[in-house]
Amino acid sequence: MSKRSQQPSENEVTPESLYLRRREFLTRSASAGIGLGLGARLGFAALGSGLLAGCGPDEASAGRRAALPTRTLSTRPGPAELQTDEDPTSYEDATRYNNFYEFGTDKTDPARNAGSLRTEPWSVAIEGEVAKPGRVPLETLLAPHPLEERIYRLRCVEAWSMVIPWVGIPLGDVIARMQPTSKAKYVAFETLHDPQQMPGQRRGVLDWPYVEGLRIDEATHPLAILAVGMYGKVLPNQNGAPLRLVVPWKYGFKSIKSIVKIRLQESEPPTSWNQSAPREYGFYANVNPEVDHPRWSQARERRIGELRRRPTLPFNGYADQVAGLYAGMDLAKKY
Amino acid sequence: MRLESARARRRALRLATLLVGFAPAAGLVVAFLHDGLGANPVEKITHETGEWALRFLFLSLSVTPVRRLTGWRMLLQERRTLGLFAFFYASLHLAIYVGLDLGFAWSFLGEDILERPYITVGFATFLVLLALAATSTRAAARRLGRRWKTLHRAVYLAGIGAVVHFLWLVKADTREPLVYAGVLALLLGSRAFWALQRRSRSGNR
């Protein structure tokens, strides 16, 4: 499949930095890796390897540190009423503290191991209840949609949070172009499954590939976006490059990363964390301070960069926009 | 002459234990000063102090098996110090959780202890360590007599409690706590093995 023949007109083209960055930065990764690695290891690796060496996290995992992208994306600001004016989390923290089990279960693992992910070429399989199913190059998928900046809160189910300026496109617009049939009630997403590129998949911590899903009305809500960048730059590998979901009113694990498949279907799709621990993680996973995780409280959260915890807001502060989607539902049961 | 060198060795061992015991705390302070605690420093020091409490608890539990296997009797003098380091790191762990994580919100602490099994177990384990640390002096041992030994067998419970606390708090990746569980099984299993051996030997007589 030729990418060139499908390229849209000049002004619609997604910035080339998205696709050119990998090789360019491979050379940088060596030096960056050494610098950052030293900092991260300063206190702990040396210390932890001391007495009971076998007990520390697996330091010898095969991954490579991912270089951080430097090229900027040209974006327009998204609708102001959908965004927060809170201070964004530092770029450093947002790129070194990640849950992305495909690259290891420690939150410092993704930054350390995500260098082995190849994000170019990338294509997305469009399947199910749509007019024209098929495999679409990422460029083609993005081409018709101008990139927007969306500054959102991100609340992890582990009770920490960040503020991230994402760059992306409304998921609803992408779904509309797929021309869903009347049977399209849910959207199912799937992450790349390739243990060669994703060393975390060599262990069965979760049932790979990672899958997630939304109801169609959730997926087409203006807040839901497909992100290709953050902080004005291309997505770093550890943050879900090259294409990830962002649904800011739900716990972070719903915002599936490195998407290779989008399927519209009639039935509720299985979701990875729900399959792993159904009592702890539901399909909806809306941020809710009233409904605790069975093992810890969801009433408060630590904003990364702050010392004290702050209260968690219903729907992560997006209740005005999204609470209507769940009218009449018992959110303690549909957690 | 022999006596002199024995005393020197004893001192060297004591010094080594103290160095090993304070090294992790020093490492944390250095990491703090060099911004080496990562994006979530409170979580990091909570986890690190908890794991070091577990490691020192295991080290104190390994004194008896190692002495039996190697015949190195001098180790016995370090058992109490290693146990006290376990208590030291467990206290830091609890203080960080109560002070920095909960911000001294006592109602949250009560709720956590009552409603979250891993915290219930963790807190109970701390109370056991507290009791052992409080009765770790020679005077306390003399005062308690035979009961001292019974009381200090609770260290096995503390070991089990600490591992369960760890196992119940991880989200999906149980590998690390299971490694600790394996080490604990070895430490407790060796004692059970020797106890059975002793019993069967006395039974044969």
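Not measured: the values here are computed from a predicted model. Quick note on labels: first sequence line is chain A, next is B, and so on, each numbered from 1.
Of the two parts of A/Asn98, neither the backbone nor the side chain holds a non-hydrogen atom closer than 4.5 Å to a non-hydrogen atom of chain B. Interface residue B/Val170: only backbone heavy atoms are found under 4.5 Å from chain A. When heavy atoms are compared at a cutoff of 4.5 Å, A/Arg302 approaches chain B solely by way of its side chain, counted from C-beta outward. Contact annotation for A/Glu306: neither backbone nor side-chain heavy atoms come within less than 4.5 Å of a heavy atom of chain B. Residue B/Phe32: no heavy atom, backbone or side chain, is found under 4.5 Å from chain A.
In A/Asp87, the CG atom is not crowded: 12 or fewer heavy atoms of neighbouring residues, nucleotides or ligands sit closer than 6.0 Å. By the 6.0 Å contact criterion, CZ on B/Arg14 is enclosed, its count of non-hydrogen atoms from other residues, nucleotides or ligands being greater than 12. Residue A/Arg96 qualifies as enclosed at atom CZ: its count of foreign heavy atoms under 6.0 Å is above 12.
Smallest separation of non-hydrogen atoms from B/Leu102 and A/Arg300: O-NH2, 3.4 Å.
The CD atom of B/Glu111 sits 6.0 Å away from the CG atom of A/Asp292 when rounded to the nearest 0.5 Å. For the atom pair CD (B/Glu43) and CD1 (A/Ile304), the distance works out to 7.0 Å, reported to the nearest 0.5 Å. Put simply, CD on B/Glu115 and CH2 on A/Trp296 are 15.0 Å apart, with the number rounded to the nearest 0.5 Å. Going from atom CG of B/Asp35 over to atom CD of A/Glu92 covers 6.5 Å, rounded to the nearest 0.5 Å. Rounding to the nearest 0.5 Å gives a distance of 8.5 Å between CG of B/Asn40 and CH2 of A/Trp160.
Formation of a donor-acceptor pair under 3.5 Å by the A/Arg203 side chain with backbone atoms of B/Arg175 is not found in this model. Proximity of a side-chain donor or acceptor of A/Arg309 to a complementary backbone N or O of B/Asp101 within less than 3.5 Å is detected.
Under the 4.5 Å side-chain criterion, counting only non-hydrogen atoms from C-beta, A/Pro294 is not in contact with B/Arg116.
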Criterion side-chain contact (heavy atoms from CB on, under 4.5 Å) on B/Lys171 and A/Tyr281, from CA distance to verdict: CA-CA 11 Å; B/Lys171 231 166 75 180; A/Tyr281 311 100; 3.0 Å; yes
